[in-house]
Asker: 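Input: one structure, supplied below.
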Amino acid sequence: QNILVQNSKRELTFAEKQIIQQCFTKARLACNAPELIGVSSESSPKIDELIDLISQIDPSEKIIIFSEWVKMLDLVSKQLSPDNYVMFNGSVNSNVRQKLIDDFINNPQKRFFLSTEAGGVGLNLQKASIIINLDQSWNPAKMSQRLCRAHRLGQENRVLVYHLIAEQSLESAIEKMLIEKISSDNKLQYEILKKKQGKDINEEDKSNLFLENFKKELTLEGSEKKE
């Protein structure tokens, strides 16, 4: 609080910015599970919600579960049978990565693919038809990259995406920011197209523009953070 008060009078130092960033990270971790911030707890509402959601999905469907943090995926894995999932992150040796991917794609028992962004660059997982995001990124491009893992060229199934978001939390604020950013970007492009055409654009033009933007988002493969 003192740092924020000081910010109204002068620019924050690098060290102060780091402290605020650490507070934001801790708040995001708390949204996932108390254990991630060192609080002893026998349960996590978000993991409980995840398990309940999984129980309602057809057992034949394969599911990608994303989290930014390996420790969160470790907690999730404890709720699953070792025979039913593969774990994929930036620390996985390159020699075994393809084996894990092939196992998920070809083994009917391997229903869950637990992954971080760092482990997911360039993945092709069209066998999955469900994506569950356990946490939200500040960057809408990263959220699109997650979707892109399953929604590749050649995907024959519909892909459903679930976002598990803690109510009245920092995650809710991030979600609102993401929606506002995407909406403002689309609005700006609508206005540019309108000026080029010299007339109001119709709903078909808007839909086509949205789809083009969506396709561009799916092709983004920016640098992604390791754990």
Side-chain angles (χ1 to χ4, degrees), residues 1-50 64-78 87-94 97 114-123 131-149 163-188 216-217 219-227:
Q1 185 177 359
N2 290 337
I3 291 176
L4 295 177
V5 170
Q6 291 173 14
N7 187 36
S8 64
K9 302 177 182 179
R10 60 169 174 79
E11 184 177 352
L12 293 178
T13 65
F14 177 77
E16 289 169 339
K17 290 178 181 178
Q18 288 291 98
I19 291 173
I20 292 176
Q21 183 61 45
Q22 290 169 8
C23 290
F24 278 137
T25 299
K26 195 168 185 178
R28 292 177 63 207
L29 287 167
C31 291
N32 275 355
E35 287 185 52
L36 298 181
I37 58 172
V39 177
S40 179
S41 176
E42 295 183 357
S43 67
S44 158
K46 184 171 287 190
I47 293 178
D48 292 343
E49 186 70 24
L50 170 68
I64 305 174
I65 300 175
F66 275 111
S67 176
E68 189 170 333
W69 294 283
V70 174
K71 289 182 179 180
M72 180 61 176
L73 295 178
D74 286 339
L75 292 177
V76 171
S77 69
K78 293 177 182 178
M87 180 80 76
F88 205 89
N89 57 63
S91 66
V92 174
N93 192 294
S94 58
R97 286 191 169 207
L114 310 184
S115 180
T116 62
E117 278 112 349
V121 177
L123 283 182
I131 294 175
I132 301 176
N133 289 312
L134 293 177
D135 37 66
Q136 303 292 297
S137 169
W138 296 98
N139 187 346
K142 279 193 174 184
M143 302 306 290
S144 294
Q145 286 166 6
R146 291 182 179 185
L147 172 59
C148 158
R149 305 300 170 240
H163 301 279
L164 300 189
I165 300 171
E167 292 183 342
Q168 298 181 348
S169 69
L170 180 60
E171 280 191 334
S172 299
I174 292 174
E175 179 194 27
K176 183 179 179 181
M177 288 172 60
L178 288 174
I179 292 172
E180 288 178 350
K181 184 179 187 307
I182 293 172
S183 299
S184 62
D185 287 348
N186 282 335
K187 183 177 180 180
L188 176 59
K216 289 177 183 178
E217 287 287 339
T219 61
L220 289 174
E221 294 291 345
S223 61
E224 300 186 44
K225 179 175 68 175
K226 289 188 177 182
E227 300 72 35

Asker: Is the closest side-chain heavy-atom distance between Ile131 and Asn133 below 4.5 Å?
Answerer: yes
Asker: Any side-chain heavy atom of Phe88 sitting closer than 4.5 Å to one from Leu114?
Answerer: no
Asker: Kindly indicate whether the side chain of Ile165, heavy atoms from C-beta on, has any atom under 4.5 Å from the side chain of Ser172.
Answerer: yes
Asker: Rounded to the nearest 0.5 Å, what's the gap from OG on Ser67 to CG on Leu50? Could you check?
Answerer: 10.5 Å
Asker: If you measure from CD on Gln21 to CZ on Phe14, what distance do you get to the nearest 0.5 Å?
Answerer: 10.0 Å
Asker: Can you name the closest pair of heavy atoms from Asn32 and Ser44 and give their distance?
Answerer: O-OG, 2.6 Å
Asker: Are Gln136 and His163 close enough that some pair of their side-chain heavy atoms sits under 4.5 Å apart?
Answerer: yes
Asker: With a 4.5 Å limit on heavy-atom distance, are the side chains of Ile47 and Lys78 in contact?
Answerer: no
Asker: Salt bridge check: are Arg28 and Glu68 linked by an N-O gap of less than 4.0 Å?
Answerer: yes
Asker: With sequence neighbours excluded, what pairs up with Glu171 under the salt bridge (Lys or Arg N to Asp or Glu O under 4.0 Å) test?
Answerer: Lys46
Asker: Tell me, do Met87 and Val92 make a side-chain contact under 4.5 Å, heavy atoms counted?
Answerer: no
Asker: Measuring from atom CD of Glu16 to atom OG1 of Thr13, what distance do you get when rounded to the nearest 0.5 angstrom?
Answerer: 3.5 Å
Asker: Contact between Ile132 and Ile64 at the side-chain level, heavy atoms closer than 4.5 Å - yes or no?
Answerer: no
Asker: With rounding to the nearest 0.5 Å, note down the distance linking CZ in Phe24 to CG in Leu29.
Answerer: 13.5 Å
Asker: To the nearest 0.5 Å, what is the distance between SG on Cys31 and CG on Leu134?
Answerer: 12.0 Å
Asker: Taking C-beta and beyond as the side chain, do Trp69 and Leu75 meet within less than 4.5 Å on heavy atoms?
Answerer: no
Asker: Flag the pair Lys71 and Asp135 as a salt bridge only when some basic side-chain nitrogen lies within less than 4.0 angstrom of an acidic carboxylate oxygen.
Answerer: no
Asker: Looking only at heavy atoms, what is the nearest atom pair of Leu73 and Ile65, with distance?
Answerer: CD2-O, 3.9 Å
Asker: For the residue pair Ala27 and Leu170, what are the closest heavy atoms and their distance?
Answerer: CB-CD2, 3.8 Å
Asker: Are the side chain of Arg97 and the backbone N or O of Asn89 linked by a donor-acceptor pair below 3.5 Å?
Answerer: yes
Asker: Rounded to the nearest 0.5 Å, what separation is found between the CD atom of Gln22 and the CD atom of Gln18?
Answerer: 6.5 Å
